[in-house]
J.: 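Here you go, one structure.
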Amino acid sequence: MDKLPQITIGMGVILIVLGVATWLLTGQSSVTALIPSFFGLGLVVMGGLALREKMRKHAMHVAAVIGLLGMFGAGSRAIPAVLEQGIARVATGSQLIMTILMLIFTVLCVKSFIDARKSQNASEM
């Protein structure tokens, strides 16, 4: 059985913890510190839906889109900030961590989709 739904839920939990930790470390001053948590919640929901065989394909494709949006969104802020100032702020570190986590997740999704397609093609022969 494909482990991607469980990985999706796990990645979502990690992002929720990252967002809450960032929010606490930045003095609870801005709801934007919780952005990783919002993406994490989306992944947890999609991972939960993907546990149902009937919903798996659609839920995992939505999760992959969440991963891409999170990677590009966080990366578009983190990378310029790191190049300009280094990782001087908690928020920048959080954005960089989110970028890396979402990159890893997106790669895992693409690999899983390719493997599923190969498996489907092999069974049709």
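Residue numbers start at 1 and run along the sequence shown. This one's a predicted model, so the numbers in the text were calculated from it and none came from an experiment.
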J.: To the nearest 0.5 Å, what is the distance between OG on Ser119 and CG on Asp2?
T.: 10.0 Å
J.: Taking all atoms of both residues into account, what is the closest heavy-atom pair of Met46 and Ala59, and its distance?
T.: O-CB, 3.4 Å
J.: Linking I/L/V/M/F/W/Y whenever any side-chain heavy atoms sit under 4.5 Å apart, do Val82 and Ile79 land together?
T.: no
J.: Could you check whether any side-chain N or O of Thr8 sits under 3.5 Å from a backbone N or O of Leu4, counting only pairs where one atom can act as donor and the other as acceptor?
T.: yes
J.: According to the side-chain hydrogen bond (donor to acceptor under 3.5 Å, both in side chains) rule, which pairs have a member within residues 58-81, sequence neighbours left out?
T.: none
J.: Out of curiosity, does Val45 fall in the hydrophobic cluster containing Phe39 (side-chain heavy atoms, cut-off under 4.5 Å, transitive links)?
T.: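 Shared cluster, yes.
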J.: Looking at Arg56 and Pro5, what are the two nearest heavy atoms and their distance?
T.: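 Answer, listing the atom of Arg56 first, then Pro5: NE-CG, 3.7 Å.
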J.: Tell me whether Thr106 contacts the main-chain N or O of Met102 through its side chain, where contact means a donor paired with an acceptor under 3.5 Å.
T.: yes
J.: If every non-hydrogen atom of Ile9 is compared with every non-hydrogen atom of Val44, which pair is closest and at what distance?
T.: O-CG2, 3.8 Å
J.: Do Ile16 and Leu34 come within less than 4.5 Å of each other through their side chains, counting heavy atoms only?
T.: no
J.: Going by heavy atoms in the side chains, are Leu43 and Phe105 under 4.5 Å from each other?
T.: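 Touching, per the 4.5 Å side-chain cut-off.
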J.: Applying side-chain hydrogen bond (donor to acceptor under 3.5 Å, both in side chains), which residue pairs with at least one partner in residues 24-34 are found, sequence neighbours left out?
T.: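 Listed once each, the pairs are Ser30-Thr32.
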J.: To the nearest 0.5 Å, what is the distance between CG on Leu15 and CD1 on Ile35?
T.: 12.0 Å
J.: For the CG atom of Leu51 and the CD atom of Gln6, what is their distance to the nearest 0.5 Å?
T.: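 These two atoms lie 5.5 Å from each other.
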J.: Quick check: is Val90 connected to Leu24 through a chain of hydrophobic side chains (ILVMFWY, heavy atoms under 4.5 Å apart)?
T.: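 Different hydrophobic clusters.
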J.: Check Leu18 against Met98 and note the closest heavy-atom contact, atom names and distance.
T.: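 Minimum heavy-atom contact is CD2-N, 4.0 Å.
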J.: Among residues two or more places apart or on two chains, list those pairs meeting side-chain hydrogen bond (donor to acceptor under 3.5 Å, both in side chains) that have a residue in residues 15-25.
T.: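 Every side-chain hydrogen bond (donor to acceptor under 3.5 Å, both in side chains) pair that includes a residue of residues 15-25, provided the two are not neighbours, is Thr22-Ser94.
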J.: Measure the OG-CE distance between Ser112 and Met60 for me, rounded to the nearest 0.5 Å.
T.: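 One gets 7.0 Å once the value is rounded to the nearest 0.5 Å.
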J.: Let me check something: do Ile100 and Val110 share a hydrophobic cluster, defined by ILVMFWY side-chain heavy atoms less than 4.5 Å apart, either directly or through other members?
T.: no
J.: To check you understand the geometry: which heavy-atom pair defines the closest contact between Val20 and Ser37, and what is its length?
T.: N-OG, 3.4 Å
J.: Between atom CG of Leu108 and atom NZ of Lys3, what is the distance when rounded to the nearest 0.5 Å?
T.: 14.0 Å
J.: Atom CG in Asn121, atom NZ in Lys118: separation rounded to 0.5 Å?
T.: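 Here the interatomic distance stands at 10.0 Å.
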J.: Is there a continuous path of hydrophobic side-chain contacts, each under 4.5 Å between heavy atoms, that joins Leu25 to Ile97?
T.: no
